[in-house]
Structure formats: structure tokens, C-alpha cells
Protein chains: 2
Amino acid sequence: MKLSKTSEYALRILIYMAKVPDQLYTAKQLVKELKVSDKYLRRLMTDLSKSGFIRSIQGRDGGYTFIKSPEDILLYDIIDSVEGMEKMNGCLLGFEKCSCTNPCAMHYLWVDIRTDLNKVFRETRLSDMDFNKILRY
Amino acid sequence: MKLSKTSEYALRILIYMAKVPDQLYTAKQLVKELKVSDKYLRRLMTDLSKSGFIRSIQGRDGGYTFIKSPEDILLYDIIDSVEGMEKMNGCLLGFEKCSCTNPCAMHYLWVDIRTDLNKVFRETRLSDMDFNKILRY
DNA sequence: TTATAATACTACCTATGAGTAGTATATATG
DNA sequence: CATATATACTACTCATAGGTAGTATTATAA
Ligand code: SF4
Ligand code: SF4
């Protein structure tokens, strides 16, 4: 389940913002910190606003801020909103949809890892990130 | 590290062939069993021949057969040959090349899973597959 | 030696994710 | 109200993975 660039950006942006929530971030500022294409980030921010994680404030002194508390946002939610999580519900290896009563060749090699991975994404909240250990956003 | 369709096909094909090695498989036969696009499979078979896993026999009564023993083929080798394994050596999440002394936000959530995953691909040989349990190719 | 049945090759087509350009809209402040 | 500084929107471009079409080549067997 290699994440799309878009998911990667979404995670990086929201994790960066979650380090100091309750603050207004402009697109300009985020672009500078995260080194993501300006136009692409702006478009993504609009999507993330529509998804209800943040809200946008237009006009002078505008920007983006959390509208949902980082404690209520799972990594899963973020990925799900930008690229859809069927990719994870199905087979993370990219194989065809799986019934698991009808296992393909990779299944038994894969299933434990899948469980761990799902756990990470479904149980980690933005507020759970260990910000002290993060050296790069 | 969602695998590309091409890796998926390569694994499925070679695993299918490894169930009964020492046999000649025609493209026609593989297409029928694995339900992969005919032309695409053929092209892939040529690649797999050039990579040294199988050899092709042209002409009437031709087909493909292992030239390297399934005992000497790691899943890693297959993926590496069709899509390159940097994707796995780098960050499986799709993040930029990582130094790990300079961890990004996902690192500590991810690193153990990455280890397990690498282990599976780097230590499983085609001959290790548990063919009794595989119900789908 | 000719017909047949297989693989190999070259060149396209198509859909999608990523990124870019330009314009429109909103709002705080003087 | 005018201006400066934000975000929102629409419509492109570009690269790549996946898939397709048609032709060329190879080798067996009658
Ligand atoms: S059987 Fe397991 S490995 Fe195979 S496609 Fe389903 S989840 Fe993936
Ligand atoms: S620090 Fe860890 S999670 Fe981040 S890019 Fe490197 S390997 Fe991936």
C-alpha cells in the first residue's frame, strides 16, 4: 500500500499543523516549511477543508486551522479522505479483491503484516504523534 | 508498498508455474489460468526470460519453463526485476529517501512493519510457497 | 518444403496521478 | 471605497503504468 503523493502530503501537512494546533496557517507558510508545490498544496488544502479536518478563512489574514480536534483525527481518516481506503480494505499488496476464505498465494505471508499496518493507521490519532522525535516534516 | 500490477502478475505467474516446475507452459495456457491480458502477459514473459528466471522456447511446441530453480528465486528477486526494489529499500510509505537518523513523522510507526515486510520478501523462495493452502492464482 | 503454432518486437492508445497557469472571489484595514 | 493579501476554481500540461494491434520470427511435424 504505497501511499499516493497526495496522501503523503496530506499527512505531512496535518501532522505539521497538529504539532501546534489552535493556530492559523497560511498556504504560503506551509509551502515554505514543507516544500510542496504551491498550487498543489492549495488545492489539497481546499479538499481537506471540505473533508472537515480544517476550515479555511479567506481574505486578508486568512489561512487554515483545525476545525476538528487532532485528538479526533485518525491517520486512517486522512488517507481515506484523499485516496479512499478501499485500497486498504482490499489487499494492501495491490492484489485483486480478496475474500480470504479463498486465499491467494501471498495471503499467509502477508496477513499478519496487514493486521499490524491497519492497526497503526486505524489507532493512531494526530495527537498521538511523538512530536519530540520527529525531525522532518 | 503497494505492488504494481506488473509485479502482481509476475508473482502470480511464477508462483503458478512453481507449483509444478519442470514443465513447459505456453502463454495461451497461462492466460487461460490466470486471466491476465494476453498481450501483456506475453510481454511480461519475455521480460522474465531476459531476467533469467525462465527461458522461452520459440516455435511450434514452444513455451516457457524455469531455467533457474524455484529454490533459488526469492520473491524479492521477482519484484526487483520487474519494478525495481528501491521502492522497498527507500521508504515503503513513499516518503523521500530517508536517513533514519533524521526521521519523518511516520518513521516510528512504520519501521517495525517495514522490517517484517522486507523479511517476507527477502526470505521467501518460490519453493517455500505453501501450495496446499493456495486456492487462487 | 510447407503449414502450423508458438514467441518477439515495435508502435501505438488510454487512464490516472501529479503538477501548473490564470482568473475569480473573499475580507481586513486604511 | 480602494488596496493588499488571502483562498477557490477551472482548465490545462506532463509523465507513467497498463493495455492493445499488427507484424516478424522461430521451429516442429506432416
Ligand atoms: S488473499 Fe490475502 S494476500 Fe491475497 S489478495 Fe486477499 S488479502 Fe491480499
Ligand atoms: S524516516 Fe522512516 S518513515 Fe520517514 S521516510 Fe525514512 S523510512 Fe520512511
Side-chain angles (χ1 to χ4, degrees), chain A residues 1-13 17 23-67 79 81-84 86-87 93-96, chain B residues 1-13 17 23-67 79 81-84 86-87 93-96:
Chain A
M1 61 117 276
K2 173 160 173 204
L3 297 178
S4 64
K5 276 276 173 210
T6 309
S7 290
E8 183 187 330
Y9 294 157
L11 286 170
R12 288 175 59 208
I13 292 164
M17 288 174 66
Q23 186 174 322
L24 201 65
Y25 294 87
T26 65
K28 201 172 181 179
Q29 197 179 343
L30 293 171
V31 164
K32 194 181 165 197
E33 291 299 329
L34 302 174
K35 314 238 179 332
V36 173
S37 144
D38 182 275
K39 284 292 170 81
Y40 203 66
L41 177 135
R42 285 167 189 278
R43 194 165 71 183
L44 181 51
M45 293 310 279
T46 303
D47 292 345
L48 293 174
S49 302
K50 286 181 176 161
S51 302
F53 299 118
I54 54 180
R55 79 190 179 98
S56 69
I57 296 164
Q58 287 188 57
R60 183 172 171 160
D61 296 350
Y64 305 92
T65 190
F66 280 108
I67 192 174
I79 299 168
S81 86
V82 303
E83 65 172 318
E86 322 80 64
K87 288 182 185 172
L93 282 175
F95 281 59
E96 297 303 305
Chain B
M1 59 117 279
K2 173 159 171 200
L3 297 177
S4 65
K5 276 274 173 215
T6 309
S7 289
E8 181 187 333
Y9 294 157
L11 287 170
R12 288 175 59 208
I13 292 164
M17 288 174 65
Q23 187 174 323
L24 202 63
Y25 294 87
T26 65
K28 203 172 181 180
Q29 198 179 342
L30 292 171
V31 163
K32 195 181 165 198
E33 290 299 330
L34 301 174
K35 314 240 181 328
V36 173
S37 143
D38 182 274
K39 285 292 171 78
Y40 202 66
L41 177 135
R42 285 165 189 278
R43 193 165 72 184
L44 182 51
M45 293 311 278
T46 303
D47 292 344
L48 294 174
S49 302
K50 288 181 176 160
S51 302
F53 299 118
I54 54 181
R55 81 191 178 96
S56 69
I57 296 163
Q58 287 188 55
R60 184 170 170 159
D61 295 350
Y64 305 93
T65 190
F66 281 107
I67 192 174
I79 299 168
S81 87
V82 303
E83 66 173 315
E86 321 79 67
K87 286 183 186 172
L93 282 175
F95 282 75
E96 299 301 305

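Contact between the side-chain N/O atoms of Thr6(B) and the OP1/OP2 oxygens of dG18(D) is found at a separation under 4.0 Å. Using a 4.0 Å cut-off, some side-chain N or O of Thr46(A) falls inside it from OP1 or OP2 of dA8(D). At dT7(C), none of the side-chain N or O atoms of Tyr25(B) fall inside 4.0 Å of OP1 or OP2 (strictly under the cut-off). Using a 4.0 Å cut-off, no side-chain N or O of Thr26(A) falls inside it from OP1 or OP2 of dT7(D). Within the 4.0 Å cut-off from OP1 or OP2 of dA4(D), not a single side-chain nitrogen or oxygen of Lys28(A) is found.
Ranking dA8(D), dG18(D), dA6(C) by closeness to the Tyr64(A) side chain, first place goes to dA8(D).
Spacing between atom OH of Tyr9(B) and atom P of dA17(D) amounts to 14 Å, rounded to whole angstrom units. As a whole-Å value, the separation of Lys5(A) NZ from dC14(D) C1' is 16 Å. Following rounding to the nearest Å, Arg42(A) (CZ) and dA6(D) (P) show an atom-to-atom distance of 9 Å. Taking atom CG of residue Leu44(B) and atom P of nucleotide dG18(D), one finds them 10 Å apart after rounding to whole Å. Put simply, CZ on Arg55(B) is 14 Å from C1' on dA6(C), counting in whole angstrom units. The CG atom of Leu48(A) sits 14 Å away from the C1' atom of dT7(D) (whole-angstrom rounding). Atom-to-atom, NZ of Lys50(B) to P of dT7(C) comes out at 15 Å; the value is rounded to the nearest Å. Here dG18(D) presents its C1' atom at 15 Å from CG of Leu3(B), a figure rounded to the nearest Å.
Taking the side-chain hydrogen bond (donor to acceptor under 3.5 Å, both in side chains) definition, one finds that Asp38(B) meets it with Arg42(B), sequence neighbours left out. Qualifying side chain to side chain contact (heavy atoms under 4.5 Å, CB included) partners for Thr6(A), counting only residues two or more places apart in sequence or in other chains: Ser4(A), Tyr40(A), Leu44(A), Val82(A).
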Going 5' to 3' through nucleotides 20-30 of chain C and flagging B where a protein heavy-atom sits under 4.0 Å of the base, S where only the sugar-phosphate is that close, and - otherwise, we get BBB--BBBBS-
For DNA chain D, please output the secondary structure as dot-bracket, reading 5' to 3'. Pairs are Watson-Crick or G-U wobble, both atom distances under 3.5 Å; mark crossing pairs with [ ], other-strand partners with |, unpaired with a dot. ||||||||||||||||||||||||||||||
Cut-off 3.5 Å, no hydrogens considered: what does the side-chain donor-acceptor table look like for residues 49-64 of chain A, sequence neighbours left out?
residue	atom	partner	partner atom	Å
Ser49(A)	OG	Met45(A)	O	2.8
Ser51(A)	OG	Asp47(A)	O	2.9

For residues 26-35 of chain B, which side-chain N or O atoms pair as donor and acceptor with protein atoms under 3.5 Å away, sequence neighbours left out?
residue	atom	partner	partner atom	Å
Thr26(B)	OG1	Gln29(B)	N	3.1
Gln29(B)	OE1	Thr26(B)	N	3.2
Lys35(B)	NZ	Lys32(B)	O	3.1

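Between Arg12(A) atom CZ and Glu8(A) atom CD the span is 6.0 Å, to the nearest 0.5 Å. The distance from atom CG of Leu48(B) to atom CG of Leu41(B), rounded to the nearest 0.5 Å, is 8.5 Å.
Closest approach of Thr65(A) to Met17(A), counting heavy atoms only: CA-CE, 4.1 Å.
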